[in-house]
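Just so we're clear, the structure is a prediction, and the values are computed from it rather than from any experiment. Residues: numbered from 1 along the sequence shown.
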Amino acid sequence: MVHCDVLIIGAGVAGCTAALRAAELGADVLLATKDALGESNSAHAQGGIIGLAHSGDSPELLASDIESAGAGLCRTEALELLAAQGPRLCRDFLWKRVGVPFDIDETTGRPETTSEAAHSARRIYHVKDATGKAIQTSLSEAVLKHPNVRIITETCLLDLITVPHHSANPRAVYDPIQVKGAYLLDASGKVDMAIAKRTILATGGLGYIYLHTSNPSGATGDGLAAAYRASARIVNCEYMQFHPTTLFIQGHPRKLLTEALRGEGAHLLNAGGDRFMSEFEPEDMELAPRDRVCRAMFEEMAQSGKTCVYLDLSPLKAKLDLEVRFPTVVKACIAEGIDPLNELIPVVPAAHYFCGGVSVDLDGRTTLDGLFAVGEVACTGLHGANRLASLSLLECLLWGYRAAEAAVEDCGRVGLPDISTLRPWQPVVSPVEPDPLLIEQDWNSIRSTMWNYAGIVRAKNRLYRGRNDMGYLYHRIDSFYRSAPVSRPLLELRNGITCARLILKAALQNPQSCGCHYRVD
Ligand code: SIN
């Protein structure tokens, strides 16, 4: 059993920011991460993070861009807070304090800015086209150096420890639900209790539950599923965002091709070489918000019967050295036998970012006492029904920072939980190890169901079928889980099916098309 003031689960940009800020404020921090430190969904973000524009921008303009990308469903206080405080924090904390090596504009000595779809100003800080990785690396180094942060890697969140669910006292049923820490599963299969005054979930997203995704395989919605099991309020699950441009090579995993390419002037073409966006989005063309670009691509592919469209980088060649500005993209294409400087790049949309999540306030507090959530696992309301490009890292930063401050303040007035009233983990004792083939087949069912029935364009009959199929599969997986020794693959599968059901249920219940939830019935 380990004790700490603040337990942070997940070490992406949100988790590391929270850890660093809480440590700076003197808290004893335990940071647990499923993989090695530095491996996270955040590290895959390419384009950038919203910073301070050199000119022609204002908090009002940023707020209005977020609101219109979010299809009018954004939470006003969240977007006003972010527009007022976020870009400055990006400059002061990430650039000046943590030392993220943003590309620098040589004339001003300040971070260089670029543009992306649906932004009215050039306000995106970047580190070539690997911004997430650079921010993640700098933050990881900073937390590693801080004496107040203990880091445990290769450790999964098994469940949140809650009273009354995990209380040894039957009378605790009369208490409000409180989070006291988490059961954590290490790489050797051992389960330990981490007891904390405050717990911050920063477990990231769930894109892996879709067949085609820009996310890594660890994006299985672990925090969302655990919060759901603990009875936290979960909202906006129908709003799954798809990214328009991932590299399409039949039979290979999708690779992200950053939005900044279109921001700098790349075109989308159909197989006949036409800029088909003029038919669907004559005003904004390739720079319409992601949901609208994805639907236009979907329609174009449906009408033409083709499996992909193409990204044309030739308009960029006159103004940029592509190999210097977009080395990740160039490398990814060349690895698949495509010369992006001289050939069209085949692209399709893929599941990218979950706009819903555990409902939180402006400090990241969930509806459960003792539990905060930050980053993609949380729903601050900032993204409404569709996220603006390059906003996620800034949200991770601002809410990670604020949640740490609120959690540390709480620590000053609450004591460590009385552990004598908490039940240790009850392991399943069984000689039978879970069959990997069953796990793989269950994942195939989840991922293809979600792609086909809860994808870019949705219909009632498909959602209904998906909900029923996933309901049936859930019961099988749950009994599988309860009868075999716990393991990371089994845990992730159970979390994946839980998240799939949350999305299908929300999508079925909401007949109103809005942002990235698009119904055709
Ligand atoms: C991209 O570079 O297009 C991905 C980053 C984001 O989703 O904002």
Side-chain angles (χ1 to χ4, degrees), residues 46-48 50 53 55-58 60-74 79 83 113-124 126 129 214 239-246 256-270 272-304 308-316 319-320 326 329 344-345 347-350 352-353 355 382-392 394 456-457 513-518 520:
Q46 294 180 354
I50 295 170
S55 61
D57 203 6
S58 65
E60 293 71 32
L61 191 58
L62 173 57
S64 121
D65 286 351
I66 297 171
E67 175 76 4
S68 60
L73 205 73
C74 301
L79 66 89
T113 53
T114 188
S115 182
E116 289 188 8
H119 283 275
S120 310
R122 284 181 77 88
R123 54 167 83 103
I124 320 285
H126 55 88
D129 61 352
S214 61
Y239 302 113
M240 179 74 210
Q241 181 177 70
F242 296 82
H243 194 289
T245 53
T246 62
L256 184 66
L257 302 177
T258 177
E259 182 103 21
L261 293 163
R262 281 174 290 122
E264 292 290 355
H267 293 165
L268 284 168
L269 305 182
N270 62 17
D274 299 322
R275 270 181 90 183
F276 62 89
M277 290 302 296
S278 60
E279 186 189 331
F280 300 97
E281 295 287 342
E283 202 170 315
D284 297 324
M285 299 288 285
E286 285 88 351
L287 298 184
R290 286 180 181 170
D291 57 324
R292 286 164 34 201
V293 178
C294 284
R295 274 198 298 283
M297 292 168 74
F298 183 91
E299 271 304 307
E300 171 61 34
M301 290 188 276
Q303 282 172 21
S304 64
C308 64
V309 296
Y310 297 89
L311 194 63
D312 176 14
L313 305 192
S314 61
L316 279 65
K319 62 172 185 174
L320 286 173
F326 294 109
V329 167
L344 298 180
I345 309 170
V347 290
V348 287
H352 183 61
Y353 185 88
C355 299
L382 179 66
H383 308 305
N386 176 53
R387 173 171 70 79
L388 180 68
S390 281
L391 185 56
S392 57
L394 191 61
I456 296 168
V457 172
S513 290
C514 184
C516 43
H517 172 57
Y518 187 71
V520 284

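Side chains of D291 and Q241: a donor-acceptor N/O pair is absent below 3.5 angstrom, by distance only. Side chains of E259 and S390: no donor on one and acceptor on the other come within 3.5 Å.
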Check the pair V293, E286 against side chain to side chain contact (heavy atoms under 4.5 Å, CB included), reporting the backbone distance first and the verdict last. CA-CA 7 Å; V293 178; E286 285 88 351; 5.9 Å; no
Between F326 and L316, is the side chain to side chain contact (heavy atoms under 4.5 Å, CB included) condition met? List the steps. CA-CA 11 Å; F326 294 109; L316 279 65; 3.9 Å; yes
Given the rule in the salt bridge (charged side-chain N to carboxylate O under 4.0 Å, His left out) test, do R275 and E281 qualify, once you have shown the distances and angles that lead to the verdict? CA-CA 11 Å; R275 270 181 90 183; E281 295 287 342; over 6 Å; no
Check the pair Y353, R290 against side chain to side chain contact (heavy atoms under 4.5 Å, CB included), reporting the backbone distance first and the verdict last. CA-CA 11 Å; Y353 185 88; R290 286 180 181 170; 5.5 Å; no
Take E299 and F280 through the test side chain to side chain contact (heavy atoms under 4.5 Å, CB included) and record every step on the way to the result. CA-CA 9 Å; E299 271 304 307; F280 300 97; 3.5 Å; yes
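Considering only heavy atoms from C-beta on, E300 stays 4.5 Å or farther from L268 through its side chain. Put simply, the side chain of Y518 reaches to within 4.5 Å of the side chain of R295, judged on heavy atoms. Two residues are said to be in side-chain contact when any heavy atoms from C-beta on lie closer than 4.5 Å; I50 and I124 meet this criterion.
Take D312 and apply the side-chain contact (heavy atoms from CB on, under 4.5 Å) test, not counting sequence neighbours, and it matches H267, L269, S314, P315, L344. Residues meeting the side-chain contact (heavy atoms from CB on, under 4.5 Å) test with S68, sequence neighbours left out: none.
Side chain of H119 to backbone of A121: no donor-acceptor contact under 3.5 angstrom is found.
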